[in-house]
Amino acid sequence: MKKTTCLLFILFVTKACFSQTPDIAIIPEPVSMTKGHGLFSLPSAIVIEAPGTPELKIVTDFLTARLSIPTGNNVRVSQTAPAATIRLQLNKEVNKTIGREGYQLSVSANGIVLKANQPSGLFYGAQTLVQLFPAEIESAEKVQGIRWSAPLVEITDYPRFEWRGLMFDVARHFFTKAEVKKYIDNMVRYKYNLLHLGLTNDEGWRIQIKSLPRLTEVGAWNVKKEGYFGTFSPPLPNEPRNYGGFYTQEDIKELVQYARERFVNILPEINMPGHSLATIVSYPELSCTEGADKYVVRSGEQIMDWSKGAPPIALVDNTLCPANEKVYEFADKVLTEVAQLFPFEYIHVGGDEAPHNYWKKNDQVKALMKKEGLKSMVQVQGYFEKRLQKIVLSKGKKLIGWDEIMEGGLAPGAAVMSWRGMKGGIEAARMGHDVVMSPTTYSYIDYMQADPVVETRIYASLRLNKAYEFDPQPDSVVTTRIKGGQANLWTEQVYNIRQAEYMTWPRGMAIAESVWSPKKKKNWNNFFAKTEQHFNRLDAAEVKYATSAYDPIFAVTKTGDSTVNVALSTEVEGLDIYYSFDNSYPDRFYPKYTGPLTPPKDAVMLKVVTYKGKKQVVRYNWMPIEELKKRAGILKR
Ligand code: ACM
């Protein structure tokens, strides 16, 4: 009996492993795809034919690793191989349709042919090709029992936008060089080509500037705190300031090279004039404010008051002084070294959320206003940005900054990164500035992905389906100025790389499809079905991701002086919701949600779980009834 069960088990597993036809789940969705019938199976000795162009080594190295490590197969690369498994070809005559980054991929029973105008196109084609194989192709170890086959398909593909970015804030929390490299590896899977590194902020200065050593001797270090950033107790004088870190110039060169070998540009951000506390602590003479020499690098304690909206009121002056010539000398020194380290054409100079309250009462600023005929603090910041742009241009680079840089009048040639919605970006494009869209509404991946009862608490939410609606250029906006879009991962509440991955995926897939795929090819249900398959791929790659899209959405209404109704829904179709009010863990044998619930009089907790058929797809969501009453306005916060 035992033997028979075992035999059946083996038969079942073998069948499951060997008869599966891989579904096609390419993210971002290609421009055009024709599916054939049947499968291409990888031979155990794989030959890649590729011309000897040096940059092609990037593509052949990538393919060699993916096709050999998990499979255990042998991969050989040759410039001429009549019986090649995979042929990489650079078009002799440029194919205008696919442009610089596009490719054509043909998977037939006889072999694989990948064509492009440029090596970067072949790299993106190789990413697509890998996505045609079973999820285990992403593994860093050999995997047994998989049939390494891909469906027959013809694909023509190219990006909608040239700027496909992810912003990684390595200032709020420091991430090591190895972690940044891993972040790059993950982003290229989804055809991102730009990593915007937030290198400076109130909490740390992360790049060695040889002419200004205190920036990293002092500015890179604060006190380790855990909990809810922004509410931490002020550090005590005796608490060790040993939390943080920075990249040496050698580290930066290594990162730039690593990124370049994956067709990724790195955009450095040096944030000025606001968010500059780490700078001021290192060089207090750059502040307008007396007593700045007593400041400390922020460790998450409150330094700005947002209760009156933007710009915030600074509680300590975290701005560089626009009326101090030393500030421009400082900017010149920093930007000289930054420009030498990063080959990308732009330098990001921040410009967001600069509080003006200290400037308003400063005599030096008042004198500057008189001298320059500046009427408002916004114009003072405009003066600062224009001088900064001259410095950036003098280093052979172009300036890009957050959309606040427009407010005081922007000089021609500066580019705008629109974060406070799309409006600023649209206006900047109309004024003739290049624009990158990264609006909080769709692309702030530091925001919570589900209800605050289950997510790390931060002040706003962005669910996956909303991120998927991101359209950097709505039909109503006719311009050639929008270069593309990006998702921004601020890291106030991101303490480690696993959480950075959790916040980035799958929303990074949604944004990738928004910046690469044609608008008419986007479809939420199709995207989410693909995303579920990509969860398996990320599992194989051991990359963390959020399953928050399966989490329930709670909507509460007040029904009496002390009673509420709670409606539950999901952003994903086809899920069943089960719940309990008795504090036990619901499963699919518990009451199934069919309509708004009224918590029993003495209930303290609503526990909710979602299922797809018989499979629990999400963690437990625990919603205190007290919290529901607070949301309904019955109880005070
Ligand atoms: C920003 O999020 N303050 C650019």
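Just so you know, ligand 1 is whichever comes first in the structure, and atom 1 is the first atom listed for that ligand.
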I'd like to check the ring-ring contact (aromatic ring centres under 6.0 Å, His included) partners of Y358; sequence neighbours left out, ordered by chain and number.
none

Under 3.5 Å, N/O to N/O: give me all the pairs between ligand 1 and the protein, one per line with atom names and distance.
unit_1   : atom_1 : unit_2 : atom_2 : d
ligand 1 : 2 (O)  : Y444   : OH     : 2.6
ligand 1 : 2 (O)  : W490   : NE1    : 3.4
ligand 1 : 3 (N)  : D352   : OD2    : 2.6
ligand 1 : 3 (N)  : E353   : OE1    : 3.4
ligand 1 : 3 (N)  : E353   : OE2    : 3.4

Interatomic distance, T504 atom OG1 to N186 atom CG [nearest 0.5 angstrom]
8.5 Å

Do you know the tightest heavy-atom contact between V297 and D202?
CG1-O, 3.5 Å

Under the ring-ring contact (aromatic ring centres under 6.0 Å, His included) test, which residues partner H348, sequence neighbours left out?
H196, W402

Regarding E501 and K182, does a basic nitrogen lie under 4.0 Å from an acidic carboxylate oxygen?
yes

Can you pull out every side-chain hydrogen bond (donor to acceptor under 3.5 Å, both in side chains) where at least one residue sits in residues 209-221? Sequence neighbours excluded, please.
S211-E337

